[in-house]
Amino acid sequence: MRIDEISTQELGKNHCESPSPSPSLSQHQIVLSQIEASINQAENLSPEKPLSIAISDDLRRFLNQLNQSAPFPNSVKLRIWKLSFRLWNACVDLYNAASIRFRSTTSGTVLEEEHAKLRHIAADLLSIASGVVGVPSPEIKTASFYHKTGIIWHDLRSFELASTCFERATDIVSKVDTNLITNAGERKLLLDLSIARSRTAWEVSDRNVAIALLNRAKTLLFGSPEHHKALANQYSEFGKSVLSKNETGALNEALRLMNEALDLYEKGLHAARTRECMLELKELKSKTLRFISAVHLQMGEFESVIKCVKVLREGDNEDRHPSLPVLALKAWLGLRRFAEAEKELRGMVVNKGIPESVWVSSVEAYFQAAGTAGAETAKEVFLGLMGRCSISAGAAVRVAHRVVGKDGSSGEGSKVRAKVVSELVSDERVIALFSGEEAAKQRTAMHAVLWNCGADNFRSKDYVTSAEMFEKSMLYIPYDIENRTLRAKCYRVLGLCHLGLSRLDQALEYINESDKLEPNVASAFLKFKIFLQKNDQAGSLNQIQVMTTCVDFSPDFLSLAAHEAIACHVFPVAVAALSNLLNFYVSGKSMPTTEVVVLRTLVSILSQESNNEQEILKFVKWACNRASELGPDCFFGKGEVGRREWNWFTVSSWNFGIKSGKEMKFQLCADFLRLASELFGLKVDDGKVDENNTMICKSIVLSVSAMIASEDQRKIALTDTEVKQIMELLDRAGKLLKSISSGPRLIDDQVNSFEVDLFFVYTLCAYDIQGRLNDLGSQLLVVKNFANSKACETKYLLQIGLNAMQGPRPNLEVAAFALNECLTTFLSSPLPEYQSVALIVRKLIAVANVRRGDADDDDAVYGMYKQAYRIMVGLKDGEYPIEEGKWLATTAWNRAALPVKLGQIDVAKKWMSIGLELAMHVPGMESYKASMEDFVSSFERELHVENTELITTYYTSPCFASESIVSSSTDQVSPNKIDLEAVLVSIDNFFNRYPFFVAGCTFIWLVVIPLTQEYFRKYKFIYAIDAFRKLRDDPNVQLLDIRDQKSLRYLKSPNLKIINKSVVQVQFSEDDTVGFVNKVLENFKDPENTVICILDNLDGNSLKVAELLFKNGFKAAYAIKDGIAGKKGWIEIQETLLPPSTHIYPKKRKIKQSEEEPLTNGAVGKNEDENKVTTTTPSSTAENQVAKITESILTTKNGAKSSSSPYPNMNGYLVQEKLCLPVHNSTTQRDGTFQEDLDMEEEITFTEEEEPVDSATLVESNNGVGVHYYDFHIVYSASYRVPVLYFRAYWIDGQPLKLEEIEKDLPSSSSKVLVESKWTFITQEEHPYLNRPWYKLHPCGTSEWMKLLFQSDTCVAKHGVSIELYLFSWLSVVGQVFGLRIPPELFNHQHQL
């Protein structure tokens, strides 16, 4: 610590006094200036620089010079005094900074020595000026400098210098009268100086001087408890030091020193005045007394020990130190008083403050002193003691170890000892000693004792004893993770013991327990062999997996396991072993055999059994990947061996791919062939590059085609990743095809059939994939490249054209190009196939019609008809397919209808002309031709009338079949009023003049925008027919009925057996959505791949449920729009769009009173109960149906609303469906059963631009009843200006009837006409509204015979014919074709007409 310089007025005065003349004055000043310069240098030293040794040497030299000039005047002494203090403080600062930087280093020790030297010099300087006047207690201050310096030298183990400092300080203070010292610090300095001299003397082994100095220090206590404590502590330290050296007579000397310390503590306790001081001294006194007891115990003075313990335990402050019971126990044992010793032992167990090691050693001491009479006696004593007090686990270990013995000898004696120890360690009280984490080491020790005993008996082949000892050792292994390995080891050894005793089941049981804890490769392989010999494949396979997970696993075990399995002809086990062996080749370890041999062996084994293609694919792919990673030469090998291995894998992959393709396993086929292409490209022999490229190209193209085929097979669209992969493969195949096509074979026109097929398949695949990417230009380019290649054949090009036209992603430009190329090729051949030509012409017309779109220009379509006409000109009769010729003529003629309606006279004449020209070159169309010619003549005569009148006549006539129409008079409109009808007519004219513009705008607003919003939603509304289609076409789509039980009792769920599905019924409740979802998930085990259609009464909760199920893991969820009973719900569409087996009806079939409701075109129809079922006999069905039709016509007049349009509404048709006719000439059904009654639903409606779906397209054919169903539609023909009867016929399951079957249903008169003029009587063409193939009664002669019907009717001649009367009359004639008769009473309504 730094010491402040002392300055007083007296010192100042003395300092200012002029020194008396002295001859040595100049010498003092020089030396002091030199000393001051050195001190300044010390003060200015940086802490980062080491202290220079030269400073201390210079100061010591200057100090010696100064001593030679003594004595000094007081002023010089004061200056020396100040210099001393400055030097001391500089040392303190330097030491503090250096101690931080050079802590615990050699440099730090050297630095401390230099600091000590400077301090020593400072003390010597102060001693020179010790007689200075004006400084209080200069001797004490000088002594303190020496004392502190001596302590530093003592700590530096420089005891001589320390002793010098202490002696110099003692000499200085000896001149001071101690009685005059009143300062506590100065008194303490005197005591500390004596104790320090004593410590230094003790260190230099001068014990007598040290003890003498301590005894002399007793006179310096001054009655202070602190002084007593300091001196007693030094006595105690000396006593402990004596005990630690274990010298002769040390115990007595230590006892004497401890007694001195005890006496001083006692005196200090009497002098203490504060509580804290008293407590501290008492604690030190007790501690010293315990040391004294320990010394007595070592000396064998047991009575003295007991006395000391009693003294410590008596009084108010009873000492409870843990060492007291131990001292007392050992003292009582030394006195052979075991009862008192046992009492102390019990007290130790109760006292929780005693460390475990202390009372364990006490127990050992107790047993050592008490002794045992052999193993049995030791066990009884130990267990008896446990009944009286708690015993440590360590004691149990020591007893067990003592009983077992350390030599590990065998024989009868060892068995007896082992038996005794087994009984001892299995006692529950002993086991309880080892419970808890605190006894972990003791448990380990006990386990080691028992394990070693068992191992000794195992080596002597005493498996019974060894098994018993191993079992007992497991009692001391905790059931925790840390000891799993040890327990597993015990189980394995127990298994070995039982194997030695031939107890295989027990051995397997123990090995199983071992494997549960720690898999071991040896025990796992042993179990593998046991299971293999028992022919337990499952167990063997499991052990293979277990072996690979063992820490000490070696691949040799798997190779050995595979050989064992092959020898036993258990091939699945061999495959499993070799498969696991493959996993260890990646690490680069030394393996028993090469990787390629393992893979070839695996593929060979798997190919011996069927349905292993997936596994074979996996290993072939493994081989390909490894060959790519390591290199072909490194993996397959070099030279001929490597080439054979490569060839084996390549050919195997190709063969498996071709085989999978033949078996319709397209995904496998694609994978194998793709691998083959990769393998072919790995290792190419010189001179076989072209052959290799050909095989690579074949593999790639066939692989891509298989991938596309697998899409249709799986009903799952290709992902974007798969499409991208296919594009990369096709790009590679395209480059290879280009190189192949430039080869010598194709240049020499030597193209084999396989290469032609290859080019075609490549083109077809490339077209398909580019279509998915919406790359229409690339599609056209690839087709053109194929068409220009020498490998192109017309049949393939035709197939491409048809696919481009009718495929899922049509490309009309490609279709037109391909079909035109085919047409050119066919027509340029010597013997054209006109059947194919006719097909191409029809398709080209369809393409041209679609490409025309909404444009008014139909020149392209007309050009195709004109080209067809030019083809037909000059051909023999029948050379061009007659049916196709009729189709061309009739469709061309019908195309004139719309231009006539719109007043486009030139366009109409153009189409009528080409239709008539085509009809003239088609055999069998004579009657058609006559009708066409008559109409053309009539049409041309009417053209002489003014265009306005002509257009007005056409637009206001109700039908083209009537010759004259008397228009009803219209009221004159006042010029001052707005003509509302004229406005409506103008709007209607605009809509009719620009129908496509209006339709386009409406379509975008009502369809495109909503569909775009709905497109990305996975839960939404769909119509019932769309839901049924999804259920029919996708096996992953299921129907969920969420209605309550009451609704289900009234209307059951649809029957979906026809599509091999069933309806799941789960009632939905908003109060328990979680329970609802759980019930649904119980019925559908794979929600991620399941699409749900939800059915409710109406819309209800269906959309909410769809959203709920989608968010709970289903792939998609759709709510059926309008549910069961809505406007477009299931019941509404079932009669016209769904198979009969799926129809649902109410449990109580009540017929509601019919109500008249206006239809969409202003007519009135019967809107009966939707679920009404009328049972009729076949004989009465036709008449009832005609009656229904005619009644509907009657109500049309009475309930019709006047239209504001200047021409009649012709945008709809009359419908009568499900009219049933019995099968003629047979009373049996198609399956031979008789049907007595039929449930039939009747419905009359008038549709407007609505397209029903043909129910025949919804289900597959099955056995139906002996009744044919007929649907009749009455459609107005704008071309012939007469009504036309369209019809279709089908069985009850929806299977359509052939024309031959329809002929059998017709009356004999109709059948005769049908035979004579098949296609001029009944023809088949597209329904004008439904765009589906329907039959129709040809209307070519309708106008003539309708004129004959009304020739004699004067009323008609005067007032014209009404629509209703005209339809009655027309239907009375047309209905006879099917045997339909109009009841006579219906004509009684004549007065209404």
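For reference, positions follow the sequence shown, starting with 1.
Checking side-chain atoms of Q779 against main-chain N and O of Y767 turns up a donor-acceptor pair under 3.5 Å. S653 contributes a side-chain N or O that, together with a main-chain N or O of A676, makes up a donor-acceptor pair within less than 3.5 Å. No donor-acceptor pair under 3.5 Å is formed between the side chain of W654 and the backbone N or O of F680. Checking side-chain atoms of D1026 against main-chain N and O of I1022 turns up no donor-acceptor pair under 3.5 Å. The backbone N or O of L781 lies less than 3.5 Å from a partner atom in the side chain of N785, making a donor-acceptor pair. Looking at N612, its side chain does come within 3.5 Å of a backbone N or O of L606 through a donor-acceptor pair. Although no hydrogens or angles enter the test, the distance criterion places no donor-acceptor pair under 3.5 Å between the side chain of Q1324 and the main chain of P1333. Side chain of N655 to backbone of V651: a donor-acceptor contact under 3.5 angstrom is found. Not a single donor-acceptor pair under 3.5 Å links the side chain of E884 to the backbone N or O of P881.
Taking all atoms of both residues into account, the shortest heavy-atom contact from F649 to A623 is CE2-CB, 3.7 Å. Shown here for L682 and P632, the closest heavy-atom pair between the two residues is O-CG, 3.4 Å. Smallest separation of non-hydrogen atoms from A816 and N820: O-ND2, 2.7 Å. The two residues M864 and A848 have their closest heavy-atom pair at CG-CB, 4.4 Å. Pairing each heavy atom of A1024 with each of K1128, the nearest pair is CB-O, 4.1 Å. Taking all atoms of both residues into account, the shortest heavy-atom contact from A892 to L918 is CB-CD1, 4.2 Å.
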Test log, rule side chain to side chain contact (heavy atoms under 4.5 Å, CB included), inputs L617 and L668: CA-CA 8 Å; L617 174 65; L668 282 172; 4.0 Å; yes

Worked verdict on E678 versus K621 for salt bridge (charged side-chain N to carboxylate O under 4.0 Å, His left out): CA-CA 10 Å; E678 295 178 9; K621 187 181 296 184; over 6 Å; no

Trace of the side chain to side chain contact (heavy atoms under 4.5 Å, CB included) decision for L702 with C669: CA-CA 8 Å; L702 293 179; C669 173; 5.8 Å; no

Criterion side chain to side chain contact (heavy atoms under 4.5 Å, CB included) on L1039 and L1056, from CA distance to verdict: CA-CA 9 Å; L1039 183 62; L1056 301 181; 3.9 Å; yes

Side chain to side chain contact (heavy atoms under 4.5 Å, CB included) evaluation trace for I1025 with L1138: CA-CA 8 Å; I1025 182 59; L1138 300 182; 4.1 Å; yes

Residue pair E613, K665: steps toward the salt bridge (charged side-chain N to carboxylate O under 4.0 Å, His left out) verdict: CA-CA 10 Å; E613 289 84 357; K665 300 176 181 178; 3.6 Å; yes

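Inter-residue side-chain proximity for K1061 and V1037 is flagged as met; some heavy-atom pair is nearer than 4.5 Å. Residues I708 and I769 form a side-chain contact, since some pair of their non-hydrogen atoms from C-beta on lies under 4.5 Å apart. Using a 4.5 Å heavy-atom threshold, the side chains of L758 and C697 count as touching. Counting heavy atoms from C-beta on, the side chains of R895 and N849 come closer than 4.5 Å. K843 has its side chain within reach of L802: a pair of non-hydrogen atoms, C-beta onward, lies under 4.5 Å apart. Side-chain contact check for L888 versus I845: some heavy-atom pair is nearer than 4.5 Å. Looking at P1087 and N1112, their side chains never come closer than 4.5 Å, going by heavy atoms from C-beta outward. The shortest distance between side-chain heavy atoms of D768 and R809 falls below 4.5 Å.
In summary, the side chains of Q667 and S710 do present a donor paired with an acceptor at a separation below 3.5 Å, with no hydrogens or angles considered. Under 3.5 Å, the side chains of T891 and Y865 contain a donor-acceptor pair of N or O atoms.
Using cut-offs of 30° and 60° for the angle between ring planes, the F1114 and F1084 rings count as perpendicular. Relative orientation of the F786 and F760 rings is tilted, given thresholds of 30° and 60° on the angle between their planes.
Note that the CE atom of M695 and the CG atom of L673 stand 9.0 Å from one another [nearest 0.5 Å]. How far CG of L844 is from CG of L823: 6.5 Å, rounded to the nearest 0.5 Å. To the nearest 0.5 angstrom, F826 atom CZ is 12.0 Å from I871 atom CD1. Atom CD1 of I700 and atom OG of S677 lie 4.5 Å apart (nearest 0.5 Å). If you take CD1 on I1120 and CZ on F1028, they are separated by 11.0 Å, rounding to the nearest 0.5 Å. For the atom pair S660 OG and Q614 CD, the distance stands at 9.0 Å (nearest 0.5 Å).
Taking the six-membered ring for Trp, Y862 and W911 have ring centres closer than 6.0 Å.
Qualifying salt bridge (charged side-chain N to carboxylate O under 4.0 Å, His left out) partners for R714, counting only residues two or more places apart in sequence or in other chains: none.
At most 12 non-hydrogen atoms from other residues, nucleotides or ligands lie less than 6.0 angstrom from CG of D720. The local environment of CD in E663 is crowded, with over 12 non-hydrogen atoms from other residues, nucleotides or ligands closer than 6.0 Å.
At least one test fails for K1121 against the ring of Y1023: distance under 6.0 Å to the centre or angle within 45° of the axis. Both the sub-6.0 Å distance and the 45° axial angle are not jointly satisfied by K1020 relative to the ring of Y1118.
One finds a salt bridge joining E711 and R772 here, because a Lys/Arg side-chain nitrogen approaches an Asp/Glu carboxylate oxygen to under 4.0 Å.
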Run the side-chain donor-acceptor check on residues 723-732: report pairs under 3.5 Å with partners two or more places apart or on a different chain.
none

